[in-house]
Amino acid sequence: MKIAVLGTGNVGQTFVEKLISLGHQVMIGTRNVSETVGREAFKEWHDKHPLALVGTFDDAVKFGELVVNATKGEAGLSIFSGLNKTFLGDKIIVDVSNPLDFSKGFPPTLIDGLHNTSSLGEELQKLVPNAKVVKTLNTMWCGLMVNPMLINDGNHINYLCGNDAEAKTKVMLLLNGFGWKNESLLDLGDISNARGTEAVLPIWVRIFGATQNGVFNFALVK
Ligand SMILES: NC(=O)c1ccc[n+]([C@@H]2O[C@H](COP(=O)([O-])OP(=O)(O)OC[C@H]3O[C@@H](n4cnc5c(N)ncnc54)[C@H](OP(=O)(O)O)[C@@H]3O)[C@@H](O)[C@H]2O)c1
């Protein structure tokens, strides 16, 4: 499948590597291609993963049949509002971003207006009503998102939410390809449930702060 990964940070790079290893064609999206490929760290990464195509956010969305949103939480809505909506159409957006505000240092807070009575996932869905936003994987470190078998034999929880049942089923298949077992996937319902999954972050960052280890996840024990 042709997949757009918006975001050139750790998360975007981790997704690109995994998707290429699974045989997908991938374009990573950025604000300014020449500036990004000129960055030493990005260049070093791209030299190791030359199959990754690099384009603007619009180029990537036009290329992809499915779009992964791995952009900075505070920038995500303005990135999507600036996209050419014809390219985006009714594509699935796998949204792994979090509305984190690091302006006052660590631990970050959730961005004002994007928590409790709203969320980044649902504001994104409102902004692109024809697209199908599926919020998932945002509650864990990116290494685990694409390699769940790294811990506890893959027995830990990953939530999904979104308004379109068929889109969630397609995303579940993609997640199965990463190693997620169906019994580890919990469909919470519509996109407003992103209020819950994004609100996992305040405790996640504190566990990380206390243990200095991000390779953990939560499990449902009944
Ligand atoms: N790190 C993790 O393990 C983890 C886990 C769960 C969720 N997440 C979430 O995943 C997302 C990506 O995280 P990350 O650490 O890989 O990268 P990041 O540094 O949060 O975001 C990088 C991307 O955001 C774009 N960006 C940053 N500021 C921008 C601005 N002002 N305007 C437009 N675009 C801007 C960058 O564009 P350029 O390419 O042009 O520089 C880049 O593509 C975040 O929402 C994060 O909360 C991360």
Side-chain angles (χ1 to χ4, degrees), residues 4-19 26-43 45-46 49 52-61 64 67-83 93-103 106-111 114-115 119-121 123-124 127 133-148 150-151 156-161 175 178 180 194 196-209 211-218:
V5 175
L6 307 190
T8 54
N10 280 339
V11 183
Q13 293 181 5
T14 301
F15 263 82
V16 171
E17 290 168 30
K18 184 67 175 192
L19 291 167
V26 188
M27 186 181 287
I28 192 165
T30 184
R31 280 171 283 190
N32 182 317
V33 175
S34 54
E35 206 175 287
T36 298
V37 297
R39 282 183 208 149
E40 201 46 49
F42 185 86
K43 201 175 156 316
W45 173 81
H46 197 217
H49 305 282
L53 303 169
V54 186
T56 62
F57 290 130
D58 264 335
D59 294 335
V61 167
V67 176
V68 176
N69 177 27
T71 60
K72 202 180 219 58
E74 66 190 43
L77 293 176
S78 80
I79 291 170
F80 274 84
S81 79
L83 282 178
I93 301 171
V94 179
D95 178 25
V96 306
S97 68
N98 279 311
L100 296 182
D101 176 356
F102 283 94
S103 63
F106 188 91
T109 55
L110 295 173
I111 294 174
L114 291 179
H115 63 93
S119 61
L120 185 50
E123 292 306 318
L124 178 58
L127 198 59
V133 177
V134 178
K135 186 105 207 174
T136 189
L137 295 173
N138 62 303
T139 53
M140 69 197 80
W141 168 63
C142 58
L144 276 181
M145 295 182 188
V146 299
N147 288 302
L150 273 179
I151 55 169
H156 46 97
I157 192 86
N158 178 33
Y159 315 99
L160 294 97
C161 62
L175 295 171
F178 293 168
W180 284 99
T197 64
E198 292 172 8
V200 167
L201 268 293
I203 184 60
W204 192 99
V205 294
R206 284 168 173 83
I207 294 171
F208 174 69
T211 62
Q212 291 299 300
N213 180 3
V215 193
F216 70 89
N217 196 8
F218 304 96

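Values below: all heavy atoms of this structure, side chains included; hydrogens, waters and symmetry mates excluded. These figures come from a predicted structure and were not determined experimentally. All ligand and atom numbering here is 1-based and tracks the order in the structure.
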**Report entry** Minimum side-chain heavy-atom gap Asn147-Lys18 below 4.5 Å
**Finding:** yes
Query raised in the report: Side chains of His115 and Pro99: does their closest heavy-atom pair fall under 4.5 Å?
Result: no
Query - Donor-acceptor contact present, side-chain Asn158 to main-chain Leu160, <3.5 Å - result: no
Report task. Please work out which of the three classes, parallel, tilted or perpendicular, describes the rings of Trp45 and Phe42, given edges at 30° and 60°. Result -> tilted
Requested in this report: Give the protein residues with at least one non-hydrogen atom closer than 4.0 Å to an atom of ligand 1, ordered by chain and number.
Outcome: Gly7, Thr8, Gly9, Asn10, Val11, Thr30, Arg31, Arg39, Ala70, Thr71, Lys72, Gly73, Ala75, Ile79, Val96, Ser97, Asn98, Asn138, Met140, Trp141, Cys142, Met145
Report task. Compute the centroid of each ring, for Phe216 and then for Trp204, and state whether the two points are separated by less than 6.0 Å. Result -> yes
Query raised in the report: Is a side-chain donor-acceptor pair under 3.5 Å present for Ser103 with Asp101?
Result: yes
